[in-house]
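Data block below; observations after.
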Protein chains: 2
Amino acid sequence: MISSRFTVAVHILALVHINNGNVTSDYIAASVNTNPAVIRRIMSMLSKSGLIASHPGVIGINLQKPISAITLLDVYRAVELPETKELFTVHQNTNVQCMVGKEIQQALETPLTEAQRQMEQALAHTSIESVVADILHRHNNEAGSPS
Amino acid sequence: MISSRFTVAVHILALVHINNGNVTSDYIAASVNTNPAVIRRIMSMLSKSGLIASHPGVIGINLQKPISAITLLDVYRAVELPETKELFTVHQNTNVQCMVGKEIQQALETPLTEAQRQMEQALAHTSIESVVADILHRHNNEAGSPS
DNA sequence: CTTTAATGTAACCAATATAGTTACATTAAA
DNA sequence: TTTAATGTAACTATATTGGTTACATTAAAG
């Protein structure tokens, strides 16, 4: 299972974009319903990946790329797998005296890498801009009369 | 990250197929290099999903479907997400007073479901039969002279 | 019938990941 | 100088994973 850091990070970026960067970690935390330190921890990961920039003592979070150029894949890579890069865990230290134990990792590499690639390509097809557009669209529809 | 139960389960099925079902959990554990109880725990999940059948006191594991009809997706679903079914964790209990907090889960559902679907479809393209064929192929190539 | 050996499963344990929480140093604006 | 925000560390609770031991159940072999 992929942790909720990912969707929280999308939440952060949506708020940053909608408010033109004028948001604090306290404000974001109130929307996410968690602790400001949790938000700042995820912000740190987004900063290290070059998606946002912020400064101590200064209100405001600056997107480092156009919102239309930030995809779900960028966010996923920023907050999940910051070092490992692999979606699937392949068991190691198998018995090389056995043919299956000797070859299983290599035999699985191609199909598992391809599965990960397909998932990542799907994430790459959606920008944060379109997620925000969907949020605004849903909000406007609900804000209208219920007739 | 997806746990190694998945690749261990593939390992189990490969050994079952290659040995025509005449394998014990001790034998499999020696190839995987783990404890027999770990193997039996995963076997239990494969049984509950209808992929294999076995019986106390009896050596032998019976595939319940043709090996060519068992895909990596079948195995993945059997040993991962036995109840939840969702690859991504979406944070809940967000602040509905905020537009983003109110709509974020719905806005993410389509792209995340699609990403999961793409990954699963990729897994569905590879059968255990083809994994075993790859193992045999690699084994035969290496077994030959190194010339 | 008895012995043997295998599966099915429960009960722990250690290690790790996740998310929440508190605290505080650093920084810059008012 | 005061205020307030970020950056980060430390600690905790919880859940997951994988390893381990133990044992009841079962069936085959002798």
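Proteins come first, then strands; the chains are lettered A, B, ... in the order of their sequence lines, and each starts at number 1.
Nucleic acid contact for Val38(B): base, since at least one base atom lies under 4.0 Å from a heavy atom of the residue. At the heavy-atom level, Ser47(A) lies nowhere under 4.0 Å from the strands shown.
When the nearest nucleotides of DNA chain D are assigned to Arg41(A) and Gly57(A) by heavy-atom distance, the more 5′-ward of the two goes with Gly57(A). Heavy-atom nearest nucleotides on DNA chain C were determined for Met1(A) and for Ala37(B), and the one closer to the 5' end corresponds to Ala37(B). Taking the nucleotide of DNA chain C with the nearest heavy atom to each of His55(A) and Arg40(A), the more 5' of the two is matched to Arg40(A).
Rounded to an integer number of Å, the gap from Asn33(A) CG to dT21(C) C1' is 14 Å. Following rounding to the nearest Å, Asn35(A) (CG) and dC11(D) (C1') show an atom-to-atom distance of 13 Å. Atom-to-atom, CD1 of Ile39(B) to P of dG19(D) comes out at 9 Å; the value is rounded to the nearest Å. His91(B) places its NE2 atom 11 Å from the P atom of dA19(C), with the value rounded to the nearest Å. When rounded to the nearest whole Å, the span between CD1 of Ile59(A) and P of dG7(D) equals 13 Å. Rounded to whole Å, atom C1' of dA4(D) lies 18 Å from atom OH of Tyr27(A). Rounded to an integer number of Å, the gap from CE of Met45(A) to C1' of dA17(C) is 12 Å. Distance CD1 (Ile42(B)) to C1' (dT16(D)): 14 Å, rounded to an integer number of Å.
When both pairing distances are held under 3.5 Å, dA15(C) makes a Watson-Crick or G-U pair with dT16(D). Checking dA30(C) for Watson-Crick or G-U wobble geometry (two distances, each under 3.5 Å) identifies dT1(D) as its partner. Applying the Watson-Crick and G-U wobble criteria (two distances, each under 3.5 Å), dT21(C) pairs with dA10(D).
Side-chain atoms of Arg5(A) lie closest to dA19(C) of the nucleotides dA19(C), dT22(C), dT7(C). When distances run from any side-chain atom of Met43(B) to the nucleotides dA27(D), dG8(C), dT9(C), the shortest one goes to dG8(C). The side chain of Glu80(B) has dT17(D) as its nearest neighbour among dT9(C), dA19(C), dT17(D). In the set dT9(C), dT7(C), dT18(C), the nucleotide with an atom closest to the side chain of Ser3(A) is dT18(C).
For Ser44(A) and dT8(D), the shortest distance from a side-chain N or O to OP1 or OP2 is below 4.0 Å. For dG8(C), one of the phosphate oxygens OP1 or OP2 lies less than 4.0 angstrom from a side-chain nitrogen or oxygen of Ser54(B). Checking the phosphate oxygens (OP1, OP2) of dA6(C), no side-chain nitrogen or oxygen of Thr24(B) falls inside 4.0 Å. Within the structure, a side-chain polar atom (N or O) of Ser4(A) is placed less than 4.0 Å from OP1 or OP2 of dA19(C). Between dG19(D) and Thr34(B), a contact under 4.0 Å exists linking OP1 or OP2 to a side-chain N or O.
In terms of modelled atom types and a separation under 3.5 Å, the side chain of Asn140(B) and the main chain of Leu136(B) share a donor-acceptor contact. Looking only at distances, no side-chain donor or acceptor of Thr89(A) sits under 3.5 Å from a matching main-chain atom of Ser3(B). Distance alone, capped at 3.5 Å, places no donor-acceptor pair between the Asn141(A) side chain and the Arg138(A) backbone.
Note: Phe6(B) and Tyr76(B) have perpendicular aromatic rings, judged against thresholds of 30 and 60 degrees for the angle between ring planes.
Between Glu114(B) and Arg117(B), at least one side-chain nitrogen of the basic residue sits less than 4.0 Å from a carboxylate oxygen of the acidic one, meeting the salt-bridge criterion.
Counted by atom type alone, Gln116(A) and Glu120(A) present one or more donor-acceptor pairs between their side chains at under 3.5 Å.
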